[in-house]
Amino acid sequence: MTDMLSKFFVPGPTWVRPEILAEMTRPMIGHRSGEFKEMFRALLLDVKSLFLTQQHAYVVTSSGTGLLEGALINCVPRRVLVTTCGAFSERWLDIAQKLGIEADKLEHEWGKPIDPQRLADHFRGRRHHYDAVTLTHNETSTGVLNDLETLAQVVHDESKDTLVLVDAVSSLGAAPLRFDDWKLDVCLASTQKGLALPPGLTVVAVSDRALDCAAKKPYRGTYFDFLDLEAQAKKDGPPFTPSIPHCYALAKQLEHILREETLERRWARHRVMRDLTLERTSRYGDPMVDREHASVSVSAIAPKGGKSAPDVVLSMKKKGYVLGSGYGDWKETSFRIGHMGDISVESLTAMLDVLDEVAG
Ligand code: PLP
């Protein structure tokens, strides 16, 4: 795998290999044709392997936010608990409120992980039943990787019939995630982050429990109706016209992730990239997150010695490298390095050499 051209280090969309882009230029076929169905059947099997699930998986033409909404519409008849630790985990709350769902928030400071003990305590002191809890595996705004396995276990220990809805937008394909073993109910990821595809597609795993819940709901909307997605998946297709170029690209990319690189090696490469980033930037930058919870896909760094974070981003741009700015309130104080997807250790090292000159 070569990524000679990778100078693009924003935390999504991320750099896409030329061979994946080339896949998107293949001729069009009908999405109800035998040829498409054959591809889509194999694609859904590979998506299940990616999530490590034997339950249900779908590929939806939408960015990830669509499926955040879909998860809430299908799985929350009445009330949800939203755990937050940054801008993207907050998005669940915003969507729930817009849908008219009763939502409680368990808020954590930006840069801190979601605390399993606080989650357990919240359940023990709760006044309501929760149909679902939302968890954000990797909070891209701050660079925190939450302990999803433990958090999901807390929910199951405290409430047997509460569903676990997971945003894995910037962790799937970068950090270990085991849908069945961790007893998740809905887990979604758009393809422009750890999967290193252009934006426009979302993969989602759905449990039997979540489908049962959806079946009892009288209204599930149209575009993200899990029962429709399931019925059509059984016929090897999506309910609506998909982005066929993205499907070609995802099929090719999953071939690479699952059978060439392998999930274990991909997760290990991301750990190496996180460690390298934190080690190399430590001379001139402070990480915004404790080492124990530092994300494997994105690092937020605050320059030391009064250097301006936006200036660092600008100076890198002049040298041909695109980094991410700090998010929201962190915009002035930090910059973010996306080290995910198909970015190699070699290209990250080359970028960090230049960053040494700019920020050091
Ligand atoms: N959740 C997380 C953790 C994200 O990082 C993002 C985008 O950056 C989203 C949700 C929104 O995803 P999308 O832009 O694909 O709708």
* Given the rule in the side chain to side chain contact (heavy atoms under 4.5 Å, CB included) test, do T262 and L258 qualify, once you have shown the distances and angles that lead to the verdict? -> CA-CA 5 Å; T262 75; L258 297 171; over 6 Å; no
Verify, without hydrogens or angle tests, whether [X] (side chain) and [Y] (backbone) share a donor-acceptor contact under 3.5 angstrom.
{"X": "S33", "Y": "I29", "result": "no"}
{"X": "H246", "Y": "P199", "result": "yes"}
{"X": "S190", "Y": "T202", "result": "no"}
{"X": "S49", "Y": "L45", "result": "yes"}
{"X": "D208", "Y": "Q55", "result": "no"}
{"X": "H293", "Y": "K112", "result": "no"}
{"X": "S159", "Y": "V155", "result": "no"}

Less than 4.0 Å between a side-chain N and a carboxylate O, is that true for [Y] and [X]?
{"X": "R269", "Y": "E261", "result": "yes"}
{"X": "R259", "Y": "E255", "result": "yes"}
{"X": "E158", "Y": "R124", "result": "yes"}
{"X": "K98", "Y": "D94", "result": "yes"}
{"X": "R126", "Y": "D121", "result": "no"}
{"X": "D131", "Y": "R79", "result": "no"}
{"X": "D342", "Y": "R266", "result": "yes"}

* List the atom of V144, the atom of G111, and the distance in Å for their closest heavy-atom pair. =>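 Closest pair (atom of V144, atom of G111, distance): CG2-O, 3.4 Å.
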* Which atom of S243 lies closest to which atom of T61, heavy atoms considered ->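 The pair with the smallest heavy-atom distance is N-OG1, 2.9 Å.
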* **E139/N146 under side chain to side chain donor-acceptor pair (under 3.5 Å): CA gap, chis, key distance, verdict** => CA-CA 8 Å; E139 179 47 82; N146 284 302; over 6 Å; no
Any chance the side chains of [X] and [Y] put a donor and an acceptor closer than 3.5 Å?
{"X": "R336", "Y": "S325", "result": "no"}
{"X": "T136", "Y": "S89", "result": "no"}
{"X": "E107", "Y": "T84", "result": "no"}

Measuring only between side-chain heavy atoms, which start at C-beta, is [X] closer than 4.5 Å to [Y]?
{"X": "I337", "Y": "M351", "value": "yes"}
{"X": "P77", "Y": "C213", "value": "yes"}
{"X": "V186", "Y": "F226", "value": "yes"}
{"X": "M24", "Y": "Y248", "value": "no"}
{"X": "L197", "Y": "V16", "value": "no"}
{"X": "L119", "Y": "D115", "value": "no"}
{"X": "V312", "Y": "L355", "value": "yes"}
{"X": "L50", "Y": "L195", "value": "yes"}

* Asked: Relative to Y321, does K7 satisfy both conditions: NZ or CZ under 6.0 angstrom from the six-membered ring centre, and within 45 degrees of the ring's axis?
  -> yes
* **Residue pair D180, K48: steps toward the salt bridge (Lys or Arg N to Asp or Glu O under 4.0 Å) verdict** => CA-CA 10 Å; D180 284 357; K48 284 189 192 181; over 6 Å; no
If you round to the nearest 0.5 Å, how far is [atom2] of [Y] from [atom1] of [X]?
{"X": "L177", "Y": "S171", "atom1": "CG", "atom2": "OG", "value": "5.5 Å"}
{"X": "T83", "Y": "L135", "atom1": "OG1", "atom2": "CG", "value": "4.5 Å"}
{"X": "D147", "Y": "Q153", "atom1": "CG", "atom2": "CD", "value": "11.0 Å"}
{"X": "R209", "Y": "D185", "atom1": "CZ", "atom2": "CG", "value": "4.0 Å"}
{"X": "R220", "Y": "L229", "atom1": "CZ", "atom2": "CG", "value": "10.5 Å"}
{"X": "F335", "Y": "S315", "atom1": "CZ", "atom2": "OG", "value": "10.5 Å"}

* Would you sort out whether R178 and E149 count as a salt bridge (Lys or Arg N to Asp or Glu O under 4.0 Å), showing the intermediate values? => CA-CA 8 Å; R178 300 176 186 279; E149 180 179 10; over 6 Å; no
More than 12 heavy atoms from other groups under 6.0 Å of [atom1] on [X]:
{"X": "E38", "atom1": "CD", "value": "no"}
{"X": "D329", "atom1": "CG", "value": "no"}
{"X": "E264", "atom1": "CD", "value": "yes"}
{"X": "R78", "atom1": "CZ", "value": "no"}
{"X": "K105", "atom1": "NZ", "value": "yes"}
{"X": "K304", "atom1": "NZ", "value": "yes"}
{"X": "E260", "atom1": "CD", "value": "yes"}

Kindly assign one of parallel, tilted or perpendicular to the pair [X] and [Y], based on the angle between their ring planes and the thresholds 30° and 60°.
{"X": "Y327", "Y": "W110", "answer": "tilted"}
{"X": "Y223", "Y": "F240", "answer": "parallel"}
{"X": "F179", "Y": "F51", "answer": "perpendicular"}

* Asked: Could you walk me through whether L188 and V166 pass the side chain to side chain contact (heavy atoms under 4.5 Å, CB included) check?
  -> CA-CA 7 Å; L188 63 103; V166 178; over 6 Å; no
* To do: Just do the side chain to side chain donor-acceptor pair (under 3.5 Å) check on H339 and S299 with the steps written out, would you?
  => CA-CA 8 Å; H339 35 77; S299 301; 2.7 Å; yes
* Y58 vs Q232, side chain to side chain donor-acceptor pair (under 3.5 Å): CA-CA, chis, key distance, verdict -> CA-CA 10 Å; Y58 315 120; Q232 294 299 326; over 6 Å; no
* R32, K37, R41 screened by side-chain hydrogen bond (donor to acceptor under 3.5 Å, both in side chains) with D236, the one that passes ->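 The single option meeting the side-chain hydrogen bond (donor to acceptor under 3.5 Å, both in side chains) with D236 is R41.
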* **side chain to side chain donor-acceptor pair (under 3.5 Å) evaluation trace for S295 with R274** => CA-CA 7 Å; S295 165; R274 185 261 321 269; over 6 Å; no
* Carefully, step by step, assess L254 and V47 under the rule side chain to side chain contact (heavy atoms under 4.5 Å, CB included). => CA-CA 8 Å; L254 290 182; V47 173; 3.8 Å; yes
* What's the verdict on side chain to side chain contact (heavy atoms under 4.5 Å, CB included) for R280 and L348, showing C-alpha distance, side-chain angles and the deciding distance? -> CA-CA 10 Å; R280 290 282 310 266; L348 180 64; over 6 Å; no
